[in-house]
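See below for the structure under consideration.
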Protein chains: 2
Amino acid sequence: MKTLRPAAPAAHQILSIVTFLSTQRGPAAAASVAAALGLPRSTVYRLLGVLVEHGYAIHYPEAQRYGVGIAAFELSSGFTRQEPLARLGAPILATLVDKIGESAHLAVLNGRDVVYLVEERAPHRPALITDVGVRLPSHVTASGRALLATLPAAQLRALFPNAEAFTVRTARDAYSLRDLRAVLATVRANGFAAEDEDVTEGLASVAVAVRDHSGWPAAGIAVTFPRDHIDPERWPDLAGEIRHYADELSRRIRGATA
Amino acid sequence: MKTLRPAAPAAHQILSIVTFLSTQRGPAAAASVAAALGLPRSTVYRLLGVLVEHGYAIHYPEAQRYGVGIAAFELSSGFTRQEPLARLGAPILATLVDKIGESAHLAVLNGRDVVYLVEERAPHRPALITDVGVRLPSHVTASGRALLATLPAAQLRALFPNAEAFTVRTARDAYSLRDLRAVLATVRANGFAAEDEDVTEGLASVAVAVRDHSGWPAAGIAVTFPRDHIDPERWPDLAGEIRHYADELSRRIRGATA
DNA sequence: ATTAACAGTCTCACATACGAGACACCGGAT
DNA sequence: ATCCGGTGTCTCGTATGTGAGACTGTTAAT
């Protein structure tokens with residue numbers, strides 16, 4: 001096999017190293033990295049140094065081991081980025097909840113997951129799985145579906161390249177990309193996303209996406225309620241309500257994009 | 001005071017690029033990457049190519065943008081690593097729950113969070129926040145504390161370098177590293193970790209760590225119960241029970257480490 | 001004390017990866 | 001039609017990053 005042309009050894013190697021570190025149960029010795037990847041010792045030390053500098057690896061001197069650094073984890077948690085969104089979203093969610101009397105969330109897409117940034121619980125409503133900071137597989141949640149539905153096909157494929165991407169969680173969401181695409185097609189057709197006891201028994205949710213100035217989905221707003229409180233026929237109306245607030249948030253985001 | 005010599009430009013740059021991509025709200029244009037980081041165009045394209053190859057970036061051709069790839073997210077979700085753990089842990093949890101009649105989980109440490117891999121709910125017990133796949137800040141959960149307590153001081157410091165590391169979630173867990181260290185000290189003294197309404201009102205948990213062959217904490221087993229069911233005086237006994245099963249899992253892990 | 005194994009640092013000659021810049025392409029204005 | 005601003009590709013000379021290996025320091029075994 002050729003494809004020799006565009007090489008950048010240091011770049012390749014450093015990515016191999018982080019990947020390797022992340023597959024190890026705990027921190028790994030420099031030598032084992034070198035052995036596993038077939039790299040020269042001096043190179044490994046140099047690159048580990050760079051990784052540590054950037055926070056993608058941590059060196060534990062007493063153990064003489066190297067582990068994955070917090071920068072690597074922050075690639076996916078990025079709360080800094082989301083904090084303004086949460087600040088802008090919270091008051092809007094509050095009025096939304098006041099108006100309709102059911103609980104609501106604000107969530108963002110993060111890899112294949114959604115992360116919940118704000119939760120506003122309506123009075124006399126059950127506690128929800130989705131506390132702030134919780135992360136759930138996007139394809140089973142209403143806000144996740146609302147967000148996924150806005151993505152181009154290519155990206156969807158990239159996010160869920162194989163069946164494995166769907167597995168692991170509970171048994172009940174045995175999905176395929178084909179299934180997901182069907183679900184998202186109805187989302188686009190309806191103009192809103194829903195989830196009916198896919199997350200918690202007895203609860204359903206309706207969600208819409210909030211777009212930023214470039215049209216990209218910045219967040220999702222979902223309302224969750226006991227499923228027998230609102231007839232499915234009325235979900236589109238509910239979605240309409242939500243969209244009103246989503247648009248408001250959308251407007252505020254555009255203003256505040258630093 | 002410069003550490004002049006040991007540079008590896010491609011390595012530095014590629015890390016800067018992923019970091020940059022992750023700070024952008026949505027995907028970014030190659031040109032904006034070059035501009036933001038002050039890098040030559042050809043270099044940026046080459047490195048983006050490498051990132052895409054490794055799955056750390058995705059290229060959206062129709063949008064002509066580059067975004068963070070799933071490999072980056074998998075750095076922290078590392079389910080590959082955890083799947084065997086879940087397989088081995090599930091039957092053990094089942095017998096544990098049978099024996100003591102309360103719900104239990106298996107969780108692993110992941111950056112500053114714990115991720116729940118297995119949940120075994122006891123009959124007639126309330127549903128829990130911690131469904132499978134859910135992620136919570138480690139320092140407020142029992143299993144998280146059990147795991148954190150086994151880490152060397154240096155790593156703890158590395159995980160929680162500043163006050164910010166603790167923030168963001170709910171207001172009630174306004175922690176400092178000092179506080180956390182105190183909590184972990186009692187965990188070590190008691191030989192088990194506990195959590196009393198720190199996650200959900202009315203519920204408490206007791207947890208112990210499962211160590212792998214190198215002594216590293218591989219997972220935590222926690223039992224969660226209505227807090228008035230079990231008197232705090234009896235928590236140590238409960239912890240003893242759990243430890244029995246933790247040791248069993250520990251033994252199985254050692255055998256199965258591929 | 002001696003040896004050995006291993007972590008981490010440093011140097012230096014040479015192969016080669018880097019980056020300037022040219023080129024091709026595409027879509028939107030005019 | 002022609003221009004223009006933009007993305008992505010490719011080439012090629014040379015500055016420079018790479019990696020073999022020597023060196024230091026530490027721990028553990030004999």
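Quantities reported herein were computed from a predicted structural model and do not represent experimental measurements.
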Distance-only criterion, 3.5 Å: show the donor-acceptor pairs between side-chain atoms of residues 30-44 of chain A and protein atoms not counting sequence neighbours.
from, atom 1, to, atom 2, distance (Å)
A/S32, OG, A/A29, O, 2.8

request  = State whether the side chain of B/R145 and the backbone N or O of B/H139 hold a donor-acceptor pair below 3.5 Å, judged by distance alone.
outcome  = yes
inquiry  = Let's go through A/Y116 and A/T141 carefully: what are the C-alpha distance in whole Å and the side-chain angles of both, what is the deciding distance for side chain to side chain contact (heavy atoms under 4.5 Å, CB included) to 0.1 Å, and is it a yes or a no?
reply    = CA-CA 11 Å; A/Y116 289 86; A/T141 67; 3.6 Å; yes
request  = Please state how far atom CD in A/Q64 lies from atom P in D/dG25, giving the value in whole angstrom units.
outcome  = 15 Å
Proximity to DNA chain D (any heavy atom under 4.0 Å), residues of residues 30-38 of chain B only = B/A30, B/A31
request  = Begin from the C-alpha positions of A/S138 and A/D113 and carry the test side chain to side chain contact (heavy atoms under 4.5 Å, CB included) through to its verdict.
outcome  = CA-CA 5 Å; A/S138 57; A/D113 297 339; 5.7 Å; no
Contacts of type salt bridge (Lys or Arg N to Asp or Glu O under 4.0 Å), residue A/E248, not counting sequence neighbours = A/R251, A/R252
inquiry  = I'd like to know whether B/R211 forms a side chain to side chain contact (heavy atoms under 4.5 Å, CB included) with B/T150, so could you lay out the CA-CA distance, the side-chain angles of the two residues, the decisive distance to 0.1 Å, and finally the verdict.
reply    = CA-CA 9 Å; B/R211 291 167 183 269; B/T150 66; 3.4 Å; yes
Polar atom pairs between nucleotides 24-27 of chain C and protein, under 3.5 Å, N or O only, would you list them?
none

Interatomic spacing from CG in A/L249 to CZ in A/R243 - rounded to 0.5 Å = 12.5 Å
query = Rounded to whole angstrom units, what separation is found between the CD1 atom of A/I17 and the P atom of D/dT18?
reply = 11 Å
task = Output yes when at least one side-chain N/O atom of A/H59 is less than 4.0 Å from OP1 or OP2 of C/dA7, else no.
result = no
A/D179 (side chain) donor-acceptor with A/S176 (main chain) under 3.5 angstrom = yes
remark   = A/L48 atom CG is separated from D/dG19 atom P, nearest whole Å, by 14 Å
Review item, nucleotides 18-20 of chain C N/O atoms under 3.5 Å of protein N/O:
from, atom 1, to, atom 2, distance (Å)
C/dC18, OP2, A/A7, O, 3.4
C/dG19, OP2, B/T43, OG1, 2.6
C/dG19, N7, B/R46, NH2, 2.8
C/dA20, N7, B/S42, OG, 3.1
C/dA20, N6, B/S42, OG, 3.4

Set of residues satisfying ring-ring contact (aromatic ring centres under 6.0 Å, His included) with respect to B/Y66, sequence neighbours excluded = B/H59
query = Any idea which heavy atoms bring A/S143 and A/A222 closest together, and the distance?
reply = OG-CB, 3.8 Å
remark   = Separation of D/dT24 atom C1' from A/Y45 atom OH, nearest Å, is 13 Å
key: Check against side chain to side chain contact (heavy atoms under 4.5 Å, CB included), A/F20 and A/T23   = CA-CA 5 Å; A/F20 174 77; A/T23 62; 4.2 Å; yes
inquiry  = Taking 4.0 Å as the cut-off, does a side-chain nitrogen or oxygen of B/Y66 come that near to OP1 or OP2 on D/dG8?
reply    = yes
